[in-house]
Amino acid sequence: MASVGPSAASAQPALPSGPAVFKTIPYAFILPEIVCGTWVWILVAATSVSLPLLQGWVMYVSLTSCLISLLLLLSYLLGFHRNSENWKVLDSLYHGTTAILYMSAAVLQANATINSESSPNAPLNYQLNSAASFFAFLTTFLYILHAFSIYYQ
């Protein structure tokens, strides 16, 4: 009887490095997360922040998440993970936690949008806050997709 190598079910796919990051799900979500998250804090910064506590949290979550995701993307591009399974756990925990934080930020931004209807610069602030809310929920969705798609790899 011939010996058979490891089964296909037990073989783990290699973590991508270099440009392959942009072609591999869920790692291809990192760049859209960064772009949409950047739009959130640019749009919030463009408004006259009428609720600094609410929108301060939105700015904190979006800016911090954007920077950490950028570092994570750079680490994948440069191959710092060296195919360690711990990177999958780190990636999943980071994106799951960030999805929860972004959901809270998106809800607070939606609240700020509702409250901006009665501000002195109502039309402009309302439009900017609406766009920020849209991108906040879109970014939340991207982080959720990334976190869950690691398990279905």
Side-chain angles (χ1 to χ4, degrees), residues 10-116 119 121 123-153:
S10 66
Q12 293 292 326
L15 293 172
S17 292
V21 170
F22 300 113
K23 299 175 186 173
T24 309
I25 300 292
Y27 309 101
F29 292 132
I30 296 176
L31 191 58
E33 291 164 1
I34 293 169
V35 171
C36 291
T38 302
W39 273 112
V40 171
W41 62 266
I42 288 172
L43 290 166
V44 171
T47 66
S48 62
V49 178
S50 57
L51 302 163
L53 189 60
L54 299 182
Q55 290 181 303
W57 176 250
V58 175
M59 290 289 287
Y60 173 76
V61 169
S62 61
L63 189 57
T64 305
S65 301
C66 183
L67 292 175
I68 294 173
S69 292
L70 185 61
L71 290 173
L72 190 62
L73 177 63
L74 288 174
S75 68
Y76 279 122
L77 287 173
L78 298 175
F80 289 148
H81 54 76
R82 296 191 177 126
N83 261 347
S84 171
E85 286 299 311
N86 295 335
W87 277 84
K88 280 188 174 182
V89 174
L90 171 77
D91 191 87
S92 180
L93 287 174
Y94 165 70
H95 282 89
T97 304
T98 305
I100 293 168
L101 294 175
Y102 239 110
M103 181 58 81
S104 70
V107 169
L108 292 175
Q109 180 58 38
N111 186 8
T113 301
I114 293 167
N115 290 333
S116 71
S119 70
N121 272 341
L124 178 62
N125 281 333
Y126 181 73
Q127 291 168 353
L128 290 170
N129 281 321
S130 296
S133 295
F134 171 77
F135 280 107
F137 281 107
L138 180 62
T139 308
T140 302
F141 179 67
L142 288 170
Y143 277 105
I144 290 170
L145 273 178
H146 189 127
F148 281 118
S149 61
I150 289 174
Y151 291 111
Y152 297 109
Q153 231 180 344

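Just so it is clear, the values below take in all heavy atoms, side chains as well, and ignore hydrogens, waters and symmetry mates.
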Does any part of the side chain of Leu108, heavy atoms only, come nearer than 4.5 Å to the side chain of Gln55, both counted from C-beta?
no

Hey, what do you get for CD1 (Ile42) to OG1 (Thr47), rounding to the nearest 0.5 Å?
12.5 Å

Less than 4.5 Å apart, side chain to side chain, heavy atoms only: is that true for Asp91 and His146?
yes

Hey, could you give me the CG/CG distance between Asn125 and Leu43, rounded to the nearest 0.5 Å?
11.5 Å

Please find the pair of heavy atoms, one from Trp41 and one from Gly37, that lie closest to each other, and give the distance.
CD1-O, 3.1 Å

Compute whether any side-chain donor of one residue and acceptor of the other, for Ser133 and Thr113, lie under 3.5 angstrom apart.
yes

Write down the atom of Ala46, the atom of Leu128, and the distance for their closest heavy-atom approach.
O-CD1, 3.7 Å

Closest approach of Thr38 to Cys66 (non-hydrogen atoms, all atoms of both residues)
OG1-SG, 3.3 Å

Distance check, rounded to the nearest 0.5 Å: Glu33 atom CD versus Phe141 atom CZ?
11.5 Å

Any chance you could measure Leu54, atom CG, to Asn115, atom CG, to the nearest 0.5 Å?
7.5 Å

Between Ile144 and Ala99, which heavy-atom pair has the shortest distance, and what is it?
CG1-CB, 3.6 Å

If you measure from CH2 on Trp39 to CG on Leu138, what distance do you get to the nearest 0.5 Å?
13.0 Å

To the nearest 0.5 Å, what is the distance between OG (Ser62) and CD1 (Ile34)?
13.0 Å

Give me the ring orientation class for Tyr94 and Tyr143: parallel if the planes are under 30° apart, tilted from 30 to 60°, perpendicular past 60°.
perpendicular

Determine whether Leu142 and Cys36 make a side-chain contact, defined as any pair of heavy atoms from C-beta on separated by less than 4.5 Å.
yes

Nearest heavy-atom approach of Ala110 to Phe137 is CB-CE1, 4.2 Å

Which pair of heavy atoms, one from Ala147 and one from Gly96, lies closest together, and at what distance?
CB-N, 3.6 Å

Please lay out, stage by stage, how His95 and Leu72 fare under the test side chain to side chain contact (heavy atoms under 4.5 Å, CB included).
CA-CA 11 Å; His95 282 89; Leu72 190 62; 3.5 Å; yes

Beyond-backbone contact of Asn111 with Val107, side-chain heavy atoms, under 4.5 angstrom
no

